[in-house]
Amino acid sequence: MADYREMWRSLGIDLESHDNLLDILGKLYGDIYLSQNKRPEGMEYLDFVVSEVHGYRIKELLDAQKVGSKVFGTFCVFVPEELIWAADGICVGLCAGAEIGKGDAEKVLPRSICPLIKSFMGFKLAHLCPYTELCDLIIGETTCDGKKKAFEIFSEFKSTYVMETPQMKREKDYDLWRNEVYKLKEKVEEVTGKEITPERLKSAIKLINDRRRALKRLNKLRREIPVPISGRDALLINQISFYDDPKRFTEKVNLLCDELEKRIERKEGVVSDKTVRVLLAGSPMALPNWKLPGVIESSGAVIVDEESCIGERNIRAMVDESGETMEELIDALVDRYMQIDCACFTPNNERIEHIIQLAKDFKVDGVIHYTLQFCDPYLVESYKVEKALEKEGIPVLRIETDYSMEDVEQLKTRIEAFVEVLR
Ligand code: BJ8
């Protein structure tokens with residue numbers, strides 16, 4: 001990696017702690033990713049992106065800012081990023097998947113709050129995320145109570161705008177959300193100084209739909225037996241989709257899919273066709289949260305799909321591209337985003353239907369339902385998920401964990417036992 005220390009210093013990054021962070025991440029990546037056998041060649045690009053996660057991409061974003069672009073950071077797939085790209089802005093999904101700056105975060109947040117929230121606060125307070133530092137605006141949302149309240153505190157340290165997300169899907173909730181989408185459009189126009197015209201919005205919708213199409217294509221290939229790519233690699237690709245340049249990323253994922261299709265023709269899997277197949281469902285796995293996938297795939301199973309926001313939930317629905325007027329295009333965004341089946345909604349039966357459908361489509365032997373500690377929406381919903389899966393005769397294992405490595409051995413014991421039963 002080139003020497004980026006001057007660039008990080010200019011962003012106010014705590015260089016010493018940052019060096020430690022990169023060392024730890026490098027080692028973790030080596031253990032979980034580079035140790036895998038039969039990885040597709042197309043993963044080289046993803047390895048490069050990860051190795052330059054705080055380098056090359058940050059430089060690209062700073063260069064874009066120098067010529068007038070604005071960068072927006074988000075923490076939820078509910079933010080309609082098409083509006084940002086339509087104003088020549090750049091949207092980055094910020095990392096919140098590591099136990100970073102925990103001590104700093106716990107000075108302003110309760111200890112018993114979800115690790116994802118603690119992580120985004122910790123990254124900011126410990127000055128360890130160049131993305132957060134360079135963002136012109138952070139867009140938060142009122143999805144769960146923890147996040148909603150945490151953004152009040154976060155906004156003391158970084159310019160933050162919060163969207164109100166509905167909790168139900170009635171007519172009046174659609175109206176509320178439509179209103180919020182229009183308000184975000186105005187906010188983005190104010191920050192960027194660019195007018196979002198129907199033409200620009202239409203082309204931004206196509207840009208992001210293309211990325212979703214490529215990820216959908218990748219996911220579909222994972223239905224094959226033997227599966228041509230590991231769950232760890234597929235998760236990584238989904239994680240990177242949140243911050244890489246969308247056009248370049250889409251091209252690379254499509255190239256990878258070409259390679260995987262050839263593997264499938266040759267019946268060449270990343271693991272044998274006898275390997276236990278699992279669906280991983282539940283709370284999102286933000287970068288660099290690789291703990292559980294690492295444990296599962298070193299316990300004799302392969303993850304063939306993720307029912308999560310860093311996976312299916314983010315790519316399932318497309319935005320209708322046929323609209324011409326601003327009203328039609330905004331309505332298309334509203335309809336698409338209201339199809340998200342986050343556990344923050346009540347009722348949320350469609351999520352349970354989706355999980356059952358995915359379990360069948362991906363021919364899984366069992367489901368691992370994963371929840372982050374203190375994530376009430378997914379923890380509470382796991383009861384209904386488990387009941388529905390049992391009714392279908394699909395074995396399920398419920399796991400609740402955080403970002404620390406302390407429970408790895410315990411997780412391994414439970415998962416190995418589950419895999420043994422499935423086998
Ligand atoms: S659309 S899942 S990305 S809110 S912060 S709910 S882990 S307690 S992130 Fe999410 Fe949007 Fe929904 Fe997806 Fe739980 Fe933590 Fe809340 Fe969380």
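As the structure lists them, so they are numbered: ligands from 1, and atoms in each ligand from 1. Throughout, numbering of the chain's residues begins at 1 and tracks the sequence.
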Single hit among M7, E133, E52 for side chain to side chain contact (heavy atoms under 4.5 Å, CB included) with I58: M7
Charged N-O contact under 4.0 Å between K291 and E99: no
Ligand 1-proximal atoms of D376, by part, heavy-atom distance under 4.0 Å: neither
With sequence neighbours excluded, residues passing salt bridge (Lys or Arg N to Asp or Glu O under 4.0 Å) with K220: none
Ion pair check, R178 and D175, cut-off under 4.0 Å: yes
Selection from M285, Q373, K148, K147 by shortest heavy-atom distance to atom 10 (Fe) of ligand 1: K147
Under-4.0 Å salt bridge between R316 and E350: no
Atoms of ligand 1 close to Y378 [distance to a heavy atom under 4.0 angstrom, numbered from 1]: 2 (S)
Heavy-atom nearest neighbour in the protein, as seen from atom 15 (Fe) of ligand 1, with distance rounded to 0.1 Å: C114 SG, 2.3 Å
Charged tip of K124 within 45° of F157 ring normal and under 6.0 Å: no
Closest approach of any protein heavy atom to atom 14 (Fe) of ligand 1, naming residue and atom: C375 SG, 2.3 Å
Residues E307 and R313 bridged, charged N to O under 4.0 Å: yes
Under-4.0 Å salt bridge between R217 and E261: yes
Nearby protein N/O/S atoms (those under 2.8 Å) for atom 12 (Fe) of ligand 1, with water ignored: C342 SG
Subset of ligand 1 atoms that lie under 4.0 Å from at least one heavy atom of I117: 5 (S)
Any non-hydrogen protein atom less than 4.0 Å away from atom 5 (S) of ligand 1: yes
Salt bridge (Lys or Arg N to Asp or Glu O under 4.0 Å) evaluation trace for D23 with K27: CA-CA 6 Å; D23 280 352; K27 174 148 189 343; over 6 Å; no
